Protein chains: 2
Amino acid sequence: MNVSIKQLRAFLALAEYGSFAEASESLHLSQPALSAAIRNMEQAVGGKLFNRTTRHLALTPEGRQFLPVARQLQAEWDRAFDDLSRRFALLQGHLRLAAMPSFAINCLPPLLQRFRQQYPGINLVIDDIVMELVLDAVRDGRAELGVTFEPEQYDGLHFTPLFEDRFIAIVPAGSPLASCQRIHWQQLAEQPFITMNRGSWMRATTDRVMAALALHPASLAEASQLATIGRMVASGLGVSIAPALCQTSMQLQGVQCRPLEGPVIQRQVGVFTRKRHPLSGPAEALHQLLCRHYG
Amino acid sequence: MNVSIKQLRAFLALAEYGSFAEASESLHLSQPALSAAIRNMEQAVGGKLFNRTTRHLALTPEGRQFLPVARQLQAEWDRAFDDLSRRFALLQGHLRLAAMPSFAINCLPPLLQRFRQQYPGINLVIDDIVMELVLDAVRDGRAELGVTFEPEQYDGLHFTPLFEDRFIAIVPAGSPLASCQRIHWQQLAEQPFITMNRGSWMRATTDRVMAALALHPASLAEASQLATIGRMVASGLGVSIAPALCQTSMQLQGVQCRPLEGPVIQRQVGVFTRKRHPLSGPAEALHQLLCRHYG
DNA sequence: AAACATTCATAAATTTAAGCAATGAATAAA
DNA sequence: TTTATTCATTGCTTAAATTTATGAATGTTT
């Protein structure tokens with residue numbers, strides 16, 4: 001018979017503890033099982049490894065000489081399989097990512113495609129929720145990563161900037177503003193305006209800028225999703241603003257996008273992680289993918 | 001579950017042959033058994049090692065990366081246990097033997113030659129030291145076996161008698177005693193006498209016998225080695241006594257040996273081993289060789 | 001010395017797993 | 001489509017590992 005890894009571990013435990021009882025306990029084995037393991041191992045190698053009476057237990061000269069070799073074997077064995085398991089752990093598992101819808105819609109798909117290619121076994125869950133909820137989700141550990149605008153404050157979170165986003169103006173194709181290369185806030189305020197619902201950071205920002213410029217746009221409608229606002233603008237109801245990263249999806253909806261100036265409002269978009277909570281393998285991988293893509 | 005050495009071998013065979021059928025044959029296993037082994041190993045490490053359809057079999061990237069590691073593990077494993085088995089097979093290893101010089105010179109050479117023939121790989125170390133040191137060496141474990149006279153006491157040691165030795169008289173060729181068939185202590189004491197140095201067991205015994213017979217030999221010289229005494233006697237300086245087992249080497253030195261009587265002093269010569277310390281393989285072998293040779 | 005306590009070995013029974021033969025499912029080639 | 005090949009699955013058998021209970025040996029204590 002051949003020696004097994006179990007028997008090697010049995011040998012090492014027995015050599016370490018110097019007692020069948022203690023060693024077997026450390027191996028989560030009964031004492032007779034350890035007895036048998038050692039007996040079989042000795043038979044396999046063709047000689048005694050321990051001198052044992054009921055009162056004394058000691059390595060034989062051969063056993064003593066083999067001990068460091070056995071230690072080495074076990075260490076290398078464990079090392080090798082730990083590495084292998086770790087590698088696989090990176091390739092599977094699951095990953096929760098929270099992102100603001102605009103990013104989820106406009107930026108995530110191609111990134112996730114690349115991620116999938118690299119790590120096909122990972123079960124990805126995307127929460128596309130508003131900025132405030134993104135931060136909550138990361139803070140509570142419901143999501144390992146969160147992508148959104150950089151807020152005024154984010155206690156307990158770590159922020160890695162990805163790129164700078166700025167507001168753009170979105171107007172219907174037939175609007176008089178559609179002929180402008182660039183649009184100013186003042187011009188926007190003269191048109192029927194469609195805003196985000198109260199409570200959102202975009203709404204707060206819009207209100208603040210308008211107030212600073214002493215503008216009072218005729219608020220025509222409110223919506224909570226940019227896609228809805230996009231549809232409204234496309235159908236000629238009014239004008240609005242959106243993050244630049246929505247440009248592509250807005251244009252697909254048939255909306256005209258123009259740079260928005262006077263003032264230019266810009267904001268960092270980045271990844272949030274929880275402080276003092278190291279990322280899982282997959283999360284680490286996606287985090288790196290994000291940073292490299294925009295870095 | 002943990003990965004076993006069998007599974008590692010299965011992995012290696014499958015990677016080498018690229019076919020379950022061939023690999024399983026090389027492992028003396030049925031194809032389903034190999035299938036199960038690989039399946040279980042993959043489950044244990046947490047991911048696929050082979051991509052397999054019924055038509056194609058190939059290592060996954062992880063499997064490919066693990067392959068050299070696995071080879072290394074197997075090689076070291078086999079190497080370690082081959083070494084251990086070889087040692088037990090008495091093909092290698094080492095053995096320390098302590099013996100009193102008279103025995104080492106006169107009896108050991110032919111025995112060791114036979115031992116060498118049987119176990120050519122064993123590294124033999126012979127300590128030829130005086131009786132007291134022989135016992136110490138065995139007691140301390142510096143030598144596994146010790147051959148010497150049986151002393152009055154030997155705590156902690158086990159004694160196996162080999163043969164009975166007796167003192168003989170050694171006289172120069174030109175001595176008047178050389179014509180005697182047998183020599184008595186009284187006759188010896190009338191000649192210039194060469195003794196062992198004080199502190200040795202032989203000197204103590206000589207003194208004791210002489211005193212008991214009320215003899216007072218003219219002590220001409222002392223020496224600590226029998227070979228030296230032999231040379232002195234051979235050159236005609238005086239007479240002395242020696243253990244019978246030195247007869248051959250004494251005669252080679254040109255000394256006349258005669259039985260020594262009145263009284264005959266005899267003593268067991270035997271092998272000492274440490275109590276409660278079973279012998280290593282080689283030591284056991286030599287011990288048996290000694291017992292059989294003289295038994 | 002005798003009784004005791006401790007520790008390893010052994011025995012019998014049980015649970016676990018390893019293994020095989022037969023069969024099924026998938027796929028490239030004819 | 002058919003066929004041949006190859007790996008996976010199933011059901012069953014056998015071997016191995018493990019456990020509980022018990023026995024034997026040997027220092028220690030009284």
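A quick note: this is a predicted structure, and the numbers were derived from the prediction, not measured. Naming: A, B, ... by sequence-line order, numbering from 1 per chain.
- For the pair B/Asp165 (side chain) and B/Leu245 (backbone), a donor-acceptor distance under 3.5 Å is present.
- Listed by residue number, the members of residues 15-25 of chain A with any heavy atom below 4.0 angstrom from DNA chain D form an empty set.
- In this structure, B/Arg52 pairs ionically with B/Glu42, as a charged nitrogen and a carboxylate oxygen lie closer than 4.0 Å.
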- Quick one: what's the B/S/- string for nucleotides 13-24 of chain C, heavy-atom cutoff under 4.0 Å, read 5' to 3'? ------SBBB--
- Task: List the steps, then state whether salt bridge (Lys or Arg N to Asp or Glu O under 4.0 Å) holds for B/Asp83 with B/Arg86.
- Result: CA-CA 5 Å; B/Asp83 281 359; B/Arg86 221 191 314 282; 3.6 Å; yes
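- Judged purely by atom type and a 3.5 angstrom limit, B/Ser24 uses its side chain to pair as donor or acceptor with the backbone of B/Phe20.
- Judged by distance alone, the side chain of A/Arg96 and the main-chain N or O of A/Glu144 form no donor-acceptor pair under 3.5 Å.
- Contact annotation: A/Arg52 side-chain N/O to C/dT7 OP1/OP2 distance is not under 4.0 Å.
- Rounded to a whole Å, the CG atom of A/Leu34 is 14 Å from the P atom of C/dT10.
- Proximity of B/Arg39 to the phosphate of D/dT9: a side-chain N or O atom is located under 4.0 Å from OP1 or OP2.
- Checking side-chain atoms of A/Gln65 against main-chain N and O of A/Glu62 turns up no donor-acceptor pair under 3.5 Å.
- One can place NE2 of B/His56 at 9 Å from C1' of C/dT27, the figure rounded to the nearest angstrom.
- Listed pair B/Thr53 / C/dT27 fails the phosphate criterion, with no side-chain N or O lying under 4.0 Å from OP1 or OP2.
- Side chain of A/Arg116 to backbone of A/Ile122: a donor-acceptor contact under 3.5 angstrom is found.
- A straight line from CD of B/Gln43 to P of D/dA8 spans 14 Å, rounded to a whole angstrom.
- Between the side chain of A/Asn106 and the backbone N or O of A/Ser249, at least one donor-acceptor pair lies under 3.5 Å.
- Rounded to a whole Å, the CG atom of A/Asn51 is 13 Å from the P atom of D/dT26.
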